Amino acid sequence: MAERILVVDDDRAFRGMLVEALDELGFTVEQAETAEEGITRAEKGGLDLILHDVKLPGMSGLEALPKLRAVAPETDVIVITGHGTRDTGVQAMSHGAYDYFNKPFQIKEMEVVIRRALEKRSLQAELKALKRNLKGSGPLDKIIGDSPAMQEVKERLARVAELDCDVLVLGETGTGKELISDTIHAMSSRAGGPFVKLNCAAIPESLLESELFGHEKGAFTGATTSRPGKFEQAEGGCILLDEIGDMPLHLQPKLLRAVEQKQVERVGGTKPISFDVRIIAATNQELEQRVDAGEFRSDLYYRLNVASIHLPPLRERREDIPRLVEHFIQQANVKLGTDVRSADKMAMRKMYEYSWPGNIRQFANAIERAAIFSKGGVIHASELELAFSRTPGGDAPEQAPGAGFEEMKMPLREAINSFERRLITNALSRTRGVQTEAATLLGITPKNLWNKLRKHHIDAAAFST
């Protein structure tokens with residue numbers, strides 16, 4: 001994909017000449033007449049370089065430089081001036097410009113500087129990716145997120161993984177329970193052994209016992225040979241019992257015996273078979289509620305819950321969204337062959353405002369779909385909305401507090417926090433991030449709003465224009 005260059009100059013004839021020359025050199029060129037227009041375009045992302053005149057109506061090029069660095073820190077700016085001396089160029093570079101040219105200039109000379117700047121940008125991107133890969137070489141670094149909630153998860157996971165105890169992983173659908181289970185296995189002393197996975201909800205009840213414990217030849221119609229179950233297959237390693245909350249009640253006593261005694265008895269068998277396996281169980285259900293309802297054995301619950309890790313839903317860790325966007329954009333580029341580099345400010349705002357009922361799974365799906373429809377290397381709000389309409393569990397972004405009545409499915413305290421957060425993000429969206437106006441709209445003091453922003457980890461700046 002051709003590099004994208006923005007030319008900011010109010011001289012229409014000169015700008016047209018420069019755009020034509022750059023176009024012949026194979027670049028994709030955009031134009032702006034004022035510094036304000038240039039800053040607005042730079043905020044959307046996807047630019048590889050900016051050529052910026054100094055003397056402009058309104059804000060000057062020198063005044064624009066710090067603002068451009070703020071909204072597009074990885075995009076270099078080459079300053080063009082026909083109204084200054086060498087000191088003007090030096091002053092521009094002290095404000096963050098990559099280089100400068102005095103009018104008139106030879107386009108061949110500028111081409112050399114442009115390609116040097118673009119090569120520098122490419123090398124910086126490669127270095128950043130290399131550092132990220134080196135830093136992310138450990139299993140724990142595959143878990144994206146630095147929010148307080150995720151830091152707590154990582155700390156707990158690191159402690160639990162090194163202990164050879166059974167683990168219960170809890171969290172809503174799509175929060176990443178399988179990734180956490182993979183990480184536990186990879187960080188444990190059993191990492192060199194097998195990791196066998198079984199989804200208790202995906203196997204017909206009539207076959208589940210045989211899958212878990214194995215069967216002997218002739219145990220039932222079709223059992224023409226003996227077959228080991230998942231526990232035997234996981235010998236020396238770990239087994240993941242996913243969706244453990246869906247384990248049929250009549251099979252739970254046999255599973256309890258296996259967990260407690262580390263022995264199984266095959267279907268149709270007469271002797272116990274010992275195994276050495278670490279058990280990781282995962283569920284999106286509230287097991288304590290199922291115990292109270294008589295749908296899950298309390299003794300099995302307590303035996304599995306030796307150590308537990310609870311994964312927060314995405315709506316409770318929204319400060320992780322920027323890193324998740326970067327991560328899943330990279331994944332989409334590798335998978336689809338796209339060249340998406342970022343999401344614009346409005347798309348980011350919508351991602352902050354949306355409740356993500358499908359959590360990380362839905363988030364990744366939405367980014368991948370938006371990448372397909374993106375233009376110019378940037379995901380825009382319209383493309384994200386198109387992705388929402390095609391994402392399971394993502395009928396529409398939140399437009400107002402209470403949309404979808406999702407709080408009806410939550411515990412009271414969680415529902416109150418979720419509803420309060422919606423009210424605040426809606427007010428910030430309506431006031432474009434102006435906290436004093438948002439506080440007035442909510443009927444609270446600015447200090448009270450500030451405290452609530454900290455409580456819910458909301459970045460008001462994400463809603464500003």
Side-chain angles (χ1 to χ4, degrees), residues 153 166-185 194-215 220 222-223 227-234 237-260 264-267 275 277-314 356-365 391-394 406 408-411:
V153 167
D166 296 337
V167 185
L168 181 60
V169 183
L170 304 167
E172 294 180 7
T173 297
T175 48
K177 295 185 291 298
E178 185 170 355
L179 175 60
I180 293 295
S181 303
D182 289 339
T183 306
I184 293 172
H185 174 67
F195 188 24
V196 177
K197 302 177 182 180
L198 178 73
N199 188 322
C200 300
I203 298 175
E205 187 173 326
S206 59
L207 300 177
L208 185 55
E209 183 177 4
S210 173
E211 284 291 321
L212 270 173
F213 309 119
H215 63 258
F220 50 82
R227 180 184 175 189
K230 298 298 184 184
F231 281 103
E232 292 178 70
Q233 295 172 32
C238 297
I239 184 171
L240 170 61
L241 302 178
D242 201 6
E243 305 297 350
I244 190 66
D246 293 293
M247 173 68 65
L249 193 59
H250 75 274
L251 285 181
Q252 292 179 24
K254 193 167 185 178
L255 176 60
L256 176 63
R257 179 172 180 265
V259 173
E260 287 184 332
V264 294
E265 190 172 297
R266 293 181 179 178
V267 177
F275 61 84
V277 172
R278 184 181 192 178
I279 300 170
I280 304 172
T283 182
N284 62 358
Q285 301 188 34
E286 295 288 345
L287 288 186
E288 290 186 358
Q289 294 181 8
R290 290 184 64 80
V291 168
D292 292 340
E295 297 169 341
F296 201 88
R297 290 180 62 106
S298 60
D299 46 6
L300 177 59
Y301 168 64
Y302 294 126
R303 188 61 189 82
L304 291 171
N305 193 21
V306 176
S308 64
I309 296 176
H310 187 276
L311 294 179
L314 184 53
W356 299 107
N359 292 293
I360 304 300
R361 184 180 294 126
Q362 183 191 1
F363 189 92
N365 187 277
T391 303
E406 292 167 2
M408 296 296 291
K409 305 175 183 178
M410 303 176 189

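A quick note: this is a predicted structure, and the numbers were derived from the prediction, not measured.
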Examine distances only and state if a side-chain atom of [X] and a backbone atom of [Y] form a donor-acceptor pair shorter than 3.5 Å.
{"X": "Gln362", "Y": "Gly174", "value": "no"}
{"X": "Lys254", "Y": "Glu265", "value": "yes"}
{"X": "Glu243", "Y": "Ala201", "value": "no"}

Discussion item. The test is side chain to side chain contact (heavy atoms under 4.5 Å, CB included); show your working for Asp182 and Glu178 and say whether it passes.
Written reply: CA-CA 6 Å; Asp182 289 339; Glu178 185 170 355; 4.1 Å; yes
Item to complete: Kindly check if the number of other-residue, nucleotide or ligand heavy atoms within 6.0 Å of CZ (Phe220) is above 12?
Response: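 Enclosed: over 12 neighbouring heavy atoms sit under 6.0 Å from CZ of Phe220.
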Practice prompt. Inspect the surroundings of CD in Glu288 and state if more than 12 heavy atoms from other residues, nucleotides or ligands are less than 6.0 Å away.
Written response: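 Atom CD in Glu288 is not packed in, count stays at 12 or less.
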Out of curiosity, [X] [atom1] to [Y] [atom2], how far, rounded to the nearest 0.5 Å?
{"X": "Gln285", "Y": "Glu172", "atom1": "CD", "atom2": "CD", "value": "12.5 Å"}
{"X": "Leu300", "Y": "Arg257", "atom1": "CG", "atom2": "CZ", "value": "14.5 Å"}
{"X": "Leu212", "Y": "Arg266", "atom1": "CG", "atom2": "CZ", "value": "13.5 Å"}
{"X": "Ile244", "Y": "Gln252", "atom1": "CD1", "atom2": "CD", "value": "7.5 Å"}
{"X": "Phe363", "Y": "Trp356", "atom1": "CZ", "atom2": "CH2", "value": "5.5 Å"}
{"X": "Asp166", "Y": "Cys238", "atom1": "CG", "atom2": "SG", "value": "9.5 Å"}

Compare every heavy atom of [Y] with every heavy atom of [X], then report the nearest pair and how far apart it is.
{"X": "Leu208", "Y": "Cys200", "answer": "CD2-O, 4.1 Å"}
{"X": "Phe213", "Y": "Ala258", "answer": "CE2-CB, 4.2 Å"}
{"X": "Gln233", "Y": "Pro194", "answer": "O-CG, 3.6 Å"}
{"X": "Ser181", "Y": "Ile280", "answer": "OG-CG2, 3.6 Å"}
{"X": "Leu249", "Y": "Pro253", "answer": "O-CD, 3.4 Å"}
{"X": "Leu240", "Y": "Ala282", "answer": "CD1-CB, 4.1 Å"}

Are side-chain heavy atoms of [X] and [Y] found at a separation under 4.5 Å?
{"X": "Ile184", "Y": "Ile309", "answer": "yes"}
{"X": "Val153", "Y": "Leu311", "answer": "yes"}
{"X": "Val167", "Y": "Arg278", "answer": "yes"}
{"X": "Arg303", "Y": "Leu256", "answer": "yes"}
{"X": "Lys177", "Y": "Thr175", "answer": "yes"}
{"X": "Lys230", "Y": "Val277", "answer": "no"}

Fill in: salt bridge (Lys or Arg N to Asp or Glu O under 4.0 Å) partners for Glu295, two or more places apart
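Once residues adjacent in sequence are excluded, the partners of Glu295 under the salt bridge (Lys or Arg N to Asp or Glu O under 4.0 Å) criterion are Arg290.
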Discussion item. Salt bridge (charged side-chain N to carboxylate O under 4.0 Å, His left out) for Arg227 and Glu211? Distances and angles first, verdict last.
Written reply: CA-CA 9 Å; Arg227 180 184 175 189; Glu211 284 291 321; 3.4 Å; yes
Worksheet item: Considering the options Leu168, Ile279, Val196, which one meets the side chain to side chain contact (heavy atoms under 4.5 Å, CB included) requirement together with Leu241?
Response: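 So, applying the side chain to side chain contact (heavy atoms under 4.5 Å, CB included) to Leu241 and each of Leu168, Ile279, Val196, only Ile279 qualifies.
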Practice prompt. Starting from the C-alpha separation in whole Å, work towards a yes-or-no answer on side chain to side chain donor-acceptor pair (under 3.5 Å) for Asn284 and Thr173.
Written response: CA-CA 6 Å; Asn284 62 358; Thr173 297; 2.7 Å; yes
Worksheet item: Would Phe231 and Leu255 satisfy side chain to side chain contact (heavy atoms under 4.5 Å, CB included), going step by step from the backbone distance to the final call?
Response: CA-CA 10 Å; Phe231 281 103; Leu255 176 60; 3.8 Å; yes
Discussion item. Go through it in stages, so that I can follow the logic: the residues are Leu179 and Ile360, the test is side chain to side chain contact (heavy atoms under 4.5 Å, CB included), and I'd like the CA-CA distance, side-chain angles, deciding distance and then a yes or no.
Written reply: CA-CA 11 Å; Leu179 175 60; Ile360 304 300; over 6 Å; no
